[in-house]
Amino acid sequence: MVRYELEEKPDHLEVKLEETGEKKEALLEAFQACREGRCGCPTTEYEKLGRLEVEASGDRIALRLEPKEGEHLDADEIARCLDHTVEAASRDE
């Protein structure tokens with residue numbers, strides 16, 4: 001089961017997903033879609049996203065989300081988006 005930890009920093013959010021297993025590729029595809037402005041999350045928070053860095057290693061994925069200048073990312077909304085993305089990746093198995 002995919003677990004994630006979300007940490008708020010002064011100028012960005014960091015997300016660490018662990019135990020991605022067979023869901024890793026589906027998750028990476030979803031995060032790439034968000035990077036390209038095609039986010040499927042049930043929130044408009046991605047409109048505030050200025051930059052999304054994705055690093056994958058083993059069965060872990062690390063994200064760094066930076067808001068556009070003058071914006072602030074809501075950690076609760078990002079958590080909703082992560083829940084949605086993990087659930088969608090689980091359905092794709």
Side-chain angles (χ1 to χ4, degrees):
M1 182 172 173
V2 177
R3 293 181 299 120
Y4 71 83
E5 178 182 313
L6 192 150
E7 185 176 350
E8 279 190 89
K9 301 287 186 172
D11 62 344
H12 68 278
L13 296 175
E14 290 183 4
V15 178
K16 294 181 177 77
L17 296 102
E18 298 184 347
E19 299 178 28
T20 58
E22 295 175 1
K23 298 172 189 74
K24 182 178 179 181
E25 289 306 314
L27 290 167
L28 289 172
E29 287 176 20
F31 298 138
Q32 181 62 32
C34 288
R35 288 175 80 176
E36 296 171 357
R38 300 179 289 114
C39 195
C41 294
T43 178
T44 58
E45 201 66 13
Y46 64 88
E47 293 174 4
K48 299 177 185 178
L49 187 63
R51 183 174 179 178
L52 172 59
E53 294 178 13
V54 180
E55 290 183 25
S57 175
D59 72 343
R60 296 179 180 177
I61 300 172
L63 307 175
R64 179 185 169 105
L65 296 89
E66 298 177 11
K68 292 178 181 174
E69 190 170 332
E71 296 284 358
H72 174 78
L73 295 172
D74 183 323
D76 291 336
E77 287 295 307
I78 297 299
R80 277 186 52 212
C81 188
L82 288 166
D83 291 341
H84 170 81
T85 303
V86 169
E87 183 180 320
S90 296
R91 285 193 303 264
D92 291 343
E93 282 185 45

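Bear in mind that the values here come from a model prediction, so they are computed numbers and not experimental data. When a residue number appears, it is its place in the shown sequence, counting from 1.
- Contact annotation: the side chain of Leu82 approaches that of Phe31 to within less than 4.5 Å [non-hydrogen atoms, C-beta and beyond].
- No side-chain heavy atom of Tyr4 sits under 4.5 Å from any side-chain heavy atom of Leu63.
- The shortest heavy-atom contact between Lys23 and Ser90 is CE-OG, 3.1 Å.
- The shortest heavy-atom contact between Pro42 and Arg80 is O-NH2, 2.8 Å.
- Using a 4.5 Å heavy-atom threshold, the side chains of Glu45 and Ile78 count as touching.
- Checked for salt-bridge contact, Glu71 and Lys68 miss the test: no charged N lies under 4.0 Å from a carboxylate O.
- Atom CD of Glu55 is surrounded by 12 or fewer heavy atoms from other residues, nucleotides or ligands within 6.0 Å.
- Atom CZ in Arg35 sits 5.0 Å away from atom CD in Gln32 (nearest 0.5 Å).
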For Lys16 and Glu5: C-alpha separation, side-chain torsions, deciding distance, then whether salt bridge (Lys or Arg N to Asp or Glu O under 4.0 Å) applies. CA-CA 5 Å; Lys16 294 181 177 77; Glu5 178 182 313; 5.2 Å; no

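- Rounded to the nearest 0.5 angstrom, Asp59 CG and Leu17 CG are separated by 10.5 Å.
- In the hydrophobic clustering of ILVMFWY residues, with side-chain heavy atoms under 4.5 Å counting as a link, Leu27 and Tyr46 come out apart.
- Between the CG atom in Leu13 and the CG atom in Leu52 there is a gap of 10.5 Å [rounded to 0.5 Å].
- The backbone N or O of Gly40 lies less than 3.5 Å from a partner atom in the side chain of His84, making a donor-acceptor pair.
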For Lys48 and Leu73, run side-chain contact (heavy atoms from CB on, under 4.5 Å): C-alpha distance rounded to whole Å, both residues' side-chain angles, the deciding distance at 0.1 Å, then the answer. CA-CA 7 Å; Lys48 299 177 185 178; Leu73 295 172; 3.8 Å; yes

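- Taking the side chain as every heavy atom from C-beta outward, Cys41 and Thr85 approach each other to under 4.5 Å.
- More than 12 heavy atoms of other residues, nucleotides or ligands sit less than 6.0 Å from atom CZ of Arg64.
- You'll find the side chain of Glu14 reaches within 4.5 Å of the side chain of Lys9, heavy atoms only.
- Ile61 has its side chain within reach of Lys24: a pair of non-hydrogen atoms, C-beta onward, lies under 4.5 Å apart.
- For Ala79 against Leu6, the heavy-atom pair with the smallest separation is N-CD1, 4.0 Å.
- Taking the side chain as every heavy atom from C-beta outward, Glu66 and Glu53 approach each other to under 4.5 Å.
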After noting the C-alpha distance and the side-chain angles of Glu18 and Arg3, does the key distance pass the side-chain contact (heavy atoms from CB on, under 4.5 Å) rule? CA-CA 5 Å; Glu18 298 184 347; Arg3 293 181 299 120; 3.0 Å; yes

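- Contact check for Asp74 versus Thr43: no side-chain heavy atoms found under the 4.5 Å cut-off.
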